[in-house]
Amino acid sequence: MQTIVMDMTGGVDEQQIIYAGMILQKGGLAAFPTETVYGLGGNALSAGASEKIYAAKGRPSDNPLIVHVARTEDIVPITSAVPETAWKLAEAFWPGPLTMILPKSDLVPRETTGGLDTVALRFPSHPAAQALIRAGGGYVAAPSANTSGRPSPTTAQHVIDDLGGKIDVIIDGGPVGIGLESTIVDLTEDIPVILRPGYITQQMLEEVVGEVRMDQAFVSNDPQVHPKAPGMKYRHYAPKADLKIVEGSAERVSSRIRELVHADLAAGRSAGIIATDESAAAYPEGIVRSVGSRSDEITIAMHLYATLREFDEMDVSVIYSEALDTPQIGQAIMNRLIKAAGHQIIHV
Ligand code: TXA
Ligand code: MG
């Protein structure tokens with residue numbers, strides 16, 4: 001299949017968006033930028049389109065998709081009950097990087113929700129995403145636009161690398177703004193539960209709706225405790241190399257990573273290091289990549305997946321990452337990093 005790449009790095013092109021929207025309405029697939037990561041969109045109300053999304057990604061079909069809307073009120077027809085908390089959260093954070101889980105209506109096929117009675121809803125803030133959702137009929141199911149098991153795409157090139165030739169359209173909107181997937185909050189229980197941490201933190205949610213809990217799977221950090229979001233149980237974001245996180249004081253971390261890299265190189269293994277602007281100069285050996293300054297969390301979030309992809313391309317055998325537990329979105333960054341590392345953490 002020929003994939004059309006639409007250049008919208010300079011802004012939304014209405015003509016091309018109408019064409020991409022038509023493709024969605026006819027059951028085709030279009031990847032598009034959002035403020036978090038690129039999404040792979042299909043018509044959320046069509047069972048066939050959702051099946052195509054699973055096939056293109058190579059994703060297990062019990063892993064539900066997020067339905068994207070371009071107006072808050074559009075959630076009414078596709079849900080069976082909207083609690084007060086949902087309206088409050090929508091008012092505070094939509095459009096933006098928050099996904100809410102609500103009971104679904106019969107309009108949403110089970111193929112879209114991975115067989116569940118609930119549906120995940122998000123109103124993204126990216127103008128190209130909003131324009132495409134409107135042109136595509138208002139309801140766009142979209143997982144991250146990566147091959148299943150690869151890091152989420154933060155540039156159109158990442159999407160081309162994974163899905164070029166497998167989908168109809170890729171809208172290039174340039175690099176995304178946040179670089180980590182949306183916060184997911186489950187509103188089907190009395191107290192909202194965060195199923196996936198993201199840019200919108202627990203504290204930000206609590207300021208709007210009172211008590212919010214974290215899914216036990218994060219609190220315990222025990223790989224045996226299964227998260228409630230079906231997708232969080234898979235080993236997502238897994239780099240080809242053996243990734244280990246080194247956690248502790250800055251000096252101990254850099255000295256341990258230096259030792260480990262030295263031993264790897266001596267044994268003939270190539271080693272990558274995920275460092276920060278503050279520490280990059282502390283590593284004389286290995287392939288060093290800074291994901292940004294510790295004082296700029298968004299830059300770190302933005303560069304994490306691209307760095308993992310870059311190491312994949314270089315085929316390094318091992319990667320050591322400093323723990324990146326920055327104050328606010330650090331919880332989300334560490335959640336993705338720990339999953340990518342298959343829970344291998346070296347405490348120093
Ligand atoms: O930022 C994002 O959310 C991006 C952009 C494209 O919007 N999308 C994204 O989709 O990250 P995806 O499919 O890669 O991740 C969706 C997650 C999965 O872990 C899935 O299991 C969970 O949301 N999920 C979807 N529907 C759910 C439901 N009804 N109940 C619980 N978890 C659900
Ligand atoms: Mg994903």
Side-chain angles (χ1 to χ4, degrees), residues 29-42 44 50 53-54 56-70 78-80 93-104 108-126 128-130 132-133 140-154 158-159 162-163 171 173 176-189 192-200 215 217-218 226-238 301 305 329 332 335-336 339-340:
L29 303 184
F32 58 97
T34 80
E35 66 278 25
T36 57
V37 297
Y38 275 75
L40 172 57
S50 292
I53 291 176
Y54 290 115
K57 277 181 66 92
R59 169 172 172 147
S61 58
D62 67 343
N63 188 359
L65 307 174
I66 296 175
V67 178
H68 295 65
V69 295
I78 59 167
T79 51
S80 58
F93 301 112
W94 276 5
L98 180 70
T99 295
M100 301 193 245
I101 310 282
L102 292 175
K104 79 174 195 71
V108 188
R110 283 186 194 279
E111 284 75 5
T112 301
T113 63
L116 298 176
D117 293 328
T118 54
V119 59
L121 301 159
R122 171 156 130 75
F123 178 177
S125 66
H126 197 293
Q130 292 182 359
L132 179 71
I133 295 162
V140 174
S144 49
N146 52 284
T147 301
S148 195
R150 295 262 285 153
S152 293
T154 53
H158 295 158
V159 183
D162 283 12
L163 300 175
I171 297 172
V176 299
I178 295 175
L180 291 181
E181 305 83 348
S182 61
T183 304
I184 301 181
V185 61
D186 183 355
L187 300 179
T188 63
E189 299 186 31
V193 182
I194 295 175
L195 305 187
R196 179 173 75 183
Y199 178 82
I200 309 285
D215 187 345
F218 309 119
H226 290 298
K228 199 181 161 195
M232 300 296 281
K233 72 175 182 277
Y234 297 105
R235 189 182 165 193
H236 266 184
Y237 328 114
Y305 288 149
I329 56 171
N335 166 257
R336 309 308 197 274
K339 273 154 58 72

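On a predicted model such as this, the values are computed, not experimentally measured, just so you know. Atoms within a ligand are numbered from 1 in the order they appear, just like the ligands themselves. Residue numbers run from 1 in the order of the sequence given.
Side-chain atoms of S182 and T36 include no donor-acceptor pair closer than 3.5 Å.
Under a 4.0 Å heavy-atom criterion, I184 is in contact with ligand 1. Assignment of H68 to the shell around ligand 1 is supported, since a heavy atom sits closer than 4.0 Å.
The atoms of ligand 1 that sit less than 4.0 Å from any heavy atom of S182 are 1 (O), 2 (C), 3 (O). Every atom of ligand 1 is numbered from 1 in the order shown, and the set under 4.0 Å from a heavy atom of L116 is 28 (C), 29 (N), 30 (N). Taking every heavy atom of R59 and a limit of under 4.0 angstrom, the matching atoms of ligand 1 come to 12 (P), 13 (O), 14 (O). Taking a cut-off of under 4.0 Å to the non-hydrogen atoms of I66, the atoms of ligand 1 that pass are 3 (O), 8 (N), 9 (C), 10 (O), 16 (C). Less than 4.0 angstrom separates some heavy atom of L195 from each of these atoms of ligand 1: 31 (C). Close approach of ligand 1 to G39 (heavy-atom distance below 4.0 Å) involves ligand atoms 6 (C). Residue T118 approaches ligand 1 through these ligand atoms, each under 4.0 Å from one of its heavy atoms: 28 (C), 29 (N), 30 (N).
Scanning I101, L121, L65 for the heavy atom closest to atom 30 (N) of ligand 1 points to I101.
With a heavy-atom cut-off of 4.0 Å, N63 touches ligand 1 through its side chain alone.
In this structure, the side chain of D162 engages the main chain of T147 through a donor-acceptor pair within 3.5 Å. Looking at T183, its side chain does come within 3.5 Å of a backbone N or O of I200 through a donor-acceptor pair. The closest donor-acceptor contact from the side chain of T112 to the backbone of S50 lies at 3.5 Å or more, if one exists at all.
Taking distance alone, with nitrogen or oxygen atoms compared against 3.5 Å, E181 stays at or beyond that limit from ligand 1. Residue contacts with ligand 1: R196 is placed with a nitrogen or oxygen under 3.5 Å of a nitrogen or oxygen of the ligand (distance criterion only).
In summary, N146 places no N/O/S atom under 2.8 Å from the Mg ion (ligand 2), failing the contact criterion.
Annotation for K57 and S144: closest pair NZ-O, 2.6 Å, computed over non-hydrogen atoms. Summarising the geometry of T34 relative to R122, their closest heavy-atom pair is OG1-NH2, 3.0 Å, with the distance given to 0.1 Å.
Counting only heavy atoms from C-beta outward, the side chains of F93 and V185 never approach each other to under 4.5 Å.
Applying the side chain to side chain donor-acceptor pair (under 3.5 Å) test to E111 and every residue at least two apart in sequence or in another chain returns nothing. Qualifying ring pair (Phe, Tyr, Trp, His ring centres under 6.0 Å) partners for Y199, counting only residues two or more places apart in sequence or in other chains: none.
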